[in-house]
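Have a look at the structure below, then the notes.
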There are 2 protein chains.
Amino acid sequence: MKKPTLKDIAKAAGVSIATVSYVLNKTPNQTIPAETVCRIQDIANQLGYIPNLAARSLVKQKTGLIGILINRLEHESLSRQLTYASLVNQMEQELTGQGYHVIVSSLDPAAPKLDIIAERKLDGVFLIDVKQMSFHTISSRFPSGVPLIVIDSLIDDPLFYKVNADLEGALREAAAQVGEEVARCLVMEACNNVELGRSIRRHSGLQDRDILVMQQERELELFLRSRKQHKVIVIGEFLGAVTAKYAAASDLCVIAVADCPQIVPAGAGLVSFAQNKASVACRLMFQLMEQSAELPEDKYVWVHAE
Amino acid sequence: MKKPTLKDIAKAAGVSIATVSYVLNKTPNQTIPAETVCRIQDIANQLGYIPNLAARSLVKQKTGLIGILINRLEHESLSRQLTYASLVNQMEQELTGQGYHVIVSSLDPAAPKLDIIAERKLDGVFLIDVKQMSFHTISSRFPSGVPLIVIDSLIDDPLFYKVNADLEGALREAAAQVGEEVARCLVMEACNNVELGRSIRRHSGLQDRDILVMQQERELELFLRSRKQHKVIVIGEFLGAVTAKYAAASDLCVIAVADCPQIVPAGAGLVSFAQNKASVACRLMFQLMEQSAELPEDKYVWVHAE
DNA sequence: CTGAAAGCGCTAACAT
DNA sequence: ATGTTAGCGCTTTCAG
C-alpha cells in the first residue's frame, strides 16, 4: 500500500519512466501519441500517484518553498505575538494562493540560526524584525542569491528590500487626531531592531519618559496610572486592545499596523494604512523571484498611513 | 560561490564522501581516527557546509516536516482568522522548539486538497476544522500511516486523534457565571465542521434564535440590538473583542478558546481552560511520531474548562 | 516517438 | 578504519 512512484506507473503502463514523466508534466516538445498519454494518465490517477517534491527539487534546484522567519524576543508580549501571527497568516494565504508552500519558523533571539534557508533550499525568505548587528554577522554566511525581504526592520544594507510601515506619517496623523496641543504619551512594543525603535521615538516628538516600550503587561498599568490626563497613542491593534483595559477608549488613538482595525475598541481613534504590509511584501517577493524588471529602485518600501 | 556539498568536502580532505558523512553525522559504530575527524570538521565549517535536507529526506524517508493545514471558510471573519493565527503561532513555536520545520497551509473550502501531505512527505499533520464529509472522501486517498491529528472537529473516524476544547463544560461554566436565571444569548463563529456547531448549540441550552453563528460582523450589531437585556456569551477572545463594540463589557462572558485571555475587555466575564490546546496537540503529535506506548486510549482528547 | 542513463546530494549496507 | 556502491524519486539530455 505504499505510495506509487513513476517507476510503478511505468511498469504498469509498459513504458519507460521517462515517458511517464513527460506525460504527467506535459513536457513541451515531446510528441507522444494521445493513446499512450491517456493510458498513462488513467493509470496514474487510478493508482493515486502524487509526485515527490523533494526528489523533484533535488534535480530542478527549485523547491517551491518560501520561508517566513520571525525573530522572537526573550519575553514576548501577547500583543506582539498576535501582531506577527496575523501578519504571517495574511502572508501565508497570499503565498499559498500562488502555489507556494510556506515554512514558518521562530528564531531564537539569542542565536538566530538561518541555516534553514540553505538546508531547505528555500526559494524566497521573509525575515521579520532583525537586529542590525546579528544581521551582519549572519548575512555573510548565507546563500547569496536567495530573494530576501526584511520586514519591520531598518537595516543599512543595500542588498535587500525592506518593507516597513510609514510610522513617521502615522505618528503625525495620530498627533493630529488627538490634537497637537494636548498632553499625550506613546505606548509601543519592544523589538529587536534598535534603529526602528529609535526612529519611532524620534518621530513621536515626545520625551522618553512619555514613551513606554512595553515588555510586560503590568508595566502598562503603572505607566498609564500616572498619565490620566494624557491622550494615549498606541502602536498596534492588539496592544491597543490590552491598553484599553487601563485607559478610556476616548483617550486612545491606535495605529493599526496589523491591518486588523476591527479589533480596536469602539470610541478609540484609529490611524490605518493605505496598503496592506503582507500584500506589499508578497507582491515584491513574487517580482524578485521571477526576476521582474519593474522592481522598485529604493530598497526601502513604505506602507503609507492614510 | 555555490553551496559546498559532501563531495566538495571529501575532495578537499582527500577522503571518501562516505567518511565525511560519517563524521558530520557522528554515525555510531564508526571508528575514525580523531585526526581525520578534526580535519573534516574544520574543512566543513570553513567551507560553511550545510546539509541538504531534501537529499537526506529522500533516503531516510523522514523529512522533519510537520504540516498545519487549515480549512478556511468562504468568507472568513477577522476573529476566526486571528483565532487560528494564534493557534498556529503557538504550535509553531512548540514544534520549532523540538527541531521540526513547520509548513502552514490554507485549504480551499470548496476543494480541500491534501496532496501536500504526500508531496512533501510530511512526518506529521494537523488538520484544523474539517468538514466531516470532505474528510471521508479524502481520507481514503491519503497516505495511511502518517500521524494525523484533527483539531476543532468532531469526526466519526476511529483512526485519528481529535483534539477539541470541552465547550460543553465551558458553556456550563459560562452559564453559571452570568447566572442561570437571567436571559442570555450566544455568539459563536461559523465553522466547517457541522457536528461541532450542532454540539455547541445543543449544549448551550438556548433556542436557535438566541444563537448567532456569525459570518459577517454587521450581523452582530443587529443581533445584539434586539437583546439589550441579555447577557452575551461569546466563544473566542477575538470575537469577544469585536462584540465588545456593541455590548457593555459587564454583559459579556467570553470563553477563551484561543488562550489569549489578556485580550478580553476589562469587566467582561471569562471562562478559560486548564490546558493549552496547542500544547496538548503538539505533545500528542510527538508521542504519535515516536510511537510512544502511552497513547491515550480515547481518540477524543478534550481540553477542559476550569 | 520513446528509452537508457546520468545525476541532484545524501545515507547505509557491504567490502576491503 | 575507510572506501565502494547501490539506491531514494525525479528530470533531462541524448541516442535509438
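Chain letters run A, B, ... following the sequence lines, proteins first, then strands; residues in each count from 1. As a basis for the values below, the full set of heavy atoms in this structure was taken, side chains included, without hydrogen atoms, waters or symmetry mates. Quick caveat, the model's predicted, so the values are computed rather than measured.
- Between B:Asn25 atom CG and C:dG9 atom C1' there is a gap of 12 Å when expressed in whole angstrom units.
- To the nearest angstrom, C1' of C:dC1 lies 12 Å from CD1 of A:Ile40.
- For A:Lys277 against A:Val303, the heavy-atom pair with the smallest separation is CA-CG2, 4.0 Å.
- Atom CD1 of B:Ile9 is separated from atom C1' of C:dG9 by 12 Å (rounded to the nearest Å).
- Checking C:dT2, D:dG9, D:dG3 against the side-chain heavy atoms of A:Thr19 singles out C:dT2 as nearest.
- By the neighbour-count criterion of 12 heavy atoms within 6.0 Å, atom NZ of B:Lys11 is sparsely surrounded, having that number or fewer from other residues, nucleotides or ligands.
- As rounded to whole Å, 9 Å separates atom C1' of C:dT11 from atom CG of B:Leu6.
- Residue B:Thr36 is in sugar-phosphate contact alone, with no base atom involved, counting any heavy-atom pair closer than 4.0 Å across all strands shown.
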Could you walk me through whether A:Asn71 and A:Asp129 pass the side chain to side chain donor-acceptor pair (under 3.5 Å) test, one step at a time?
CA-CA 6 Å; A:Asn71 280 286; A:Asp129 185 22; over 6 Å; no
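- The interatomic distance linking A:Glu35 (CD) with C:dT2 (C1') rounds to 14 Å, in whole Å.
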Taking only nitrogen or oxygen atoms into account, show me every contact under 3.5 Å that the protein makes with nucleotides 12-16 of chain D, one pair per line with its distance.
{"residue": "D:dT13", "atom": "O4", "partner": "A:Tyr22", "partner atom": "OH", "Å": "2.9"}

Under the salt bridge (Lys or Arg N to Asp or Glu O under 4.0 Å) criterion, do A:Glu294 and A:Arg283 qualify, and how do the steps go?
CA-CA 12 Å; A:Glu294 36 182 339; A:Arg283 213 119 53 196; over 6 Å; no
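- Between B:Lys26 atom NZ and C:dA12 atom C1' the separation is 19 Å, expressed in whole Å.
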Hey, mind stepping through B:Gln93 and B:Asn89 against side chain to side chain donor-acceptor pair (under 3.5 Å) and telling me if it holds?
CA-CA 6 Å; B:Gln93 294 189 54; B:Asn89 172 59; 3.2 Å; yes
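- Annotation for B:Glu290: atom CD counts as buried by contact number, over 12 foreign heavy atoms lying within 6.0 Å.
- In this entry the distance linking NZ of B:Lys7 with P of C:dG7 reads 8 Å, nearest Å.
- Smallest separation of non-hydrogen atoms from A:Lys121 and A:Thr63: O-OG1, 2.8 Å.
- Dashed line: the shortest gap from a side-chain N or O of B:Ser16 to OP1 or OP2 of D:dT4 is not under 4.0 Å.
- Taking atom CG on A:Leu53 and atom P on D:dC10, their separation rounds to 9 Å, with Å as the unit.
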